Amino acid sequence: MNAPTEGQRALAAALTRGVDADRAPITHVKASAYTSLERFTAEQAAIFQRAPLVLAPSALLPNPGSAIPHDGFGKPLLLTRDAQGVARVFLNVCQHRGTRLVEGCETVKANRLVCPYHAWSYTLDGRLAGLPRADAFPELNRADYALRPLPTHEAGGLIWFAFDAAADFAHADALAQDFAAFDLAGQYCFRRRMHRVAANWKLVMDAFLESYHIQRLHAETIAGFFHDGVSAADRIGPHQRSAVGRTASLAELAAQDWPTLRGAITYTYQMFPGAVLAVSPDYINLMVLMPQAVDQVLVENFMLIPAPPASEKARDHWERSWHLLDEGVFAGEDFRACELGQQGLAAGAVEHVTLGSLEQGVRHFHDVVEAWLTRADASEKSAVFPFRQAAVQNSAL
Ligand code: FES
Ligand SMILES: [Fe+2]
């Protein structure tokens with residue numbers, strides 16, 4: 001595990017200083033941003049079909065010679081880790097007559113993937129390895145029948161992909177430096193679960209972009225671990241990084257070692273457009289959002305721990321943490337609030353939602369969404385969203 005990065009230390013220092021609240025003016029987001037089908041369709045085309053997307057933690061597929069289907073992003077995908085350990089994403093479609101290649105949604109361990117229809121087989125790097133009765137295809141050039149690859153990038157313990165061949169993964173590499181600091185790539189995937197949330201995908205991101213609600217919505221679960229609204233945030237490209245102050249002493253906030261620092265600060269990364277990484281004291285949650293409809297999103301929650309549980313006692317410990325977060329905090333509180341939000345917004349009773357100074361992360365996220373909707377040029381994007389721009393949101397501890 002590496003030392004905290006410069007950026008992580010800067011956010012800790014901002015919390016330590018207790019910088020005055022950012023007196024940002026009240027702003028608004030139109031309710032239709034969450035309820036308009038036209039808007040949803042535009043976001044799919046301008047953002048989800050173009051931006052690099054987090055698919056899964058590396059820990060989902062740790063072993064060479066394995067593959068797992070993935071169906072959350074509208075097309076059947078196949079994530080593989082080939083014999084050399086390289087992660088790849090393909091369309092999960094046989095090139096003979098277009099049949100889905102690998103069924104189900106669980107990991108398969110195999111050196112070759114065999115189509116159920118006529119048994120064409122593929123290696124995990126996508127090559128057509130063989131076909132029965134090859135004499136029936138005398139002129140077939142196997143190189144023309146490789147699985148259709150999508151741009152894939154593994155960095156810092158996350159596997160990213162994109163539908164757009166021109167997608168730029170530079171910001172994934174920038175985040176990877178932070179993730180290396182707490183050894184994200186070395187974690188073990190303890191549990192994962194798919195949630196179907198009856199809310200617009202942005203409502204889920206909003207819930208992980210402000211700490212204003214922690215003392216209220218989470219009053220019965222985790223509120224006691226945190227100060228009220230003590231957070232600092234900055235940006236890495238279109239992504240956000242935030243630090244939320246736990247009930248620790250000022251001295252602990254200045255710690256350089258991870259056990260103390262993770263006890264004092266919950267670092268959270270909001271990866272545009274739809275992934276959240278939350279670093280708790282002894283485990284990490286990754287949530288991947290997959291919009292399905294204007295009012296429905298799948299959220300896959302992964303719980304990552306440092307190593308497989310070595311005893312029943314250890315397993316019980318992690319199970320309790322899993323249950324608290326996945327069932328209690330996320331499903332029972334955050335996602336429930338998102339669904340209530342969708343119900344209220346769909347009723348048309350408010351024209352816009354209102355954001356205060358503790359909700360600047362939400363403000364920025366919606367600005368980035370708008371920018372992707374209205375502009376296509378990547379160089380313009382990097383000019384508008386500088387690498388690092390501190391925006392401290394809280395008053396004193
Ligand atoms: S469709 Fe896959 S082998 Fe025929
Ligand atoms: Fe929450």
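Nothing here was measured: the structure is a model prediction, and the numbers come from that model. Counting begins at 1 with the first residue of the sequence. First listed ligand is number 1; within each ligand, the first listed atom is number 1.
More than 12 heavy atoms of other residues, nucleotides or ligands lie within 6.0 Å of CZ in Arg9, so this atom counts as buried by the packing criterion.
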Inset, instruction - List the steps, then state whether salt bridge (Lys or Arg N to Asp or Glu O under 4.0 Å) holds for Glu252 with Arg246. - result: CA-CA 10 Å; Glu252 287 170 342; Arg246 301 176 68 90; over 6 Å; no

Inset, instruction - Please lay out, stage by stage, how Glu43 and Arg39 fare under the test salt bridge (Lys or Arg N to Asp or Glu O under 4.0 Å). - result: CA-CA 6 Å; Glu43 289 171 351; Arg39 164 66 180 249; 2.7 Å; yes

Legend entry - Steps toward salt bridge (Lys or Arg N to Asp or Glu O under 4.0 Å) verdict (Asp206, Lys202): CA-CA 6 Å; Asp206 291 350; Lys202 297 188 298 301; over 6 Å; no

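From Met303, atom CE reaches atom OG of Ser321 across 5.0 Å, with rounding to the nearest 0.5 Å.
Residues Leu101 and Pro116 come closest through the heavy atom pair O-CD, 3.4 Å.
Atom 4 (Fe) of ligand 1 lies closest to atom ND1 when only the N/O/S atoms of His118 are considered. Counting just the N/O/S atoms of His96, the one with the shortest distance to atom 4 (Fe) of ligand 1 is named ND1. Minimum-distance N/O/S atom of Asp334 relative to the Fe ion (ligand 2): OD1.
Distance from atom 1 (S) of ligand 1 to its nearest protein heavy atom, with residue and atom name: Thr99 OG1, 3.1 Å.
Numbered from 1 in the order shown, with element, the atoms of ligand 1 that lie under 4.0 Å from a heavy atom of Ala119 read 3 (S). Atoms of ligand 1 found under 4.0 Å from any heavy atom of Trp120 (numbered from 1 in listed order, with element): 3 (S).
Put simply, the angle at the Fe ion (ligand 2) from NE2 in His218 to NE2 in His213 is close to 100°, to the nearest 10°. Around atom 2 (Fe) of ligand 1, the angle linking Cys94 (SG) with Cys115 (SG) is 110°, rounded to 10 degrees.
Counting heavy atoms under 4.0 Å from ligand 1, residue Pro116 does not touch it at all.
Considering Phe48, Phe40, Tyr34 as possible partners of Trp201, the one that fulfils the ring pair (Phe, Tyr, Trp, His ring centres under 6.0 Å) test is Phe48.
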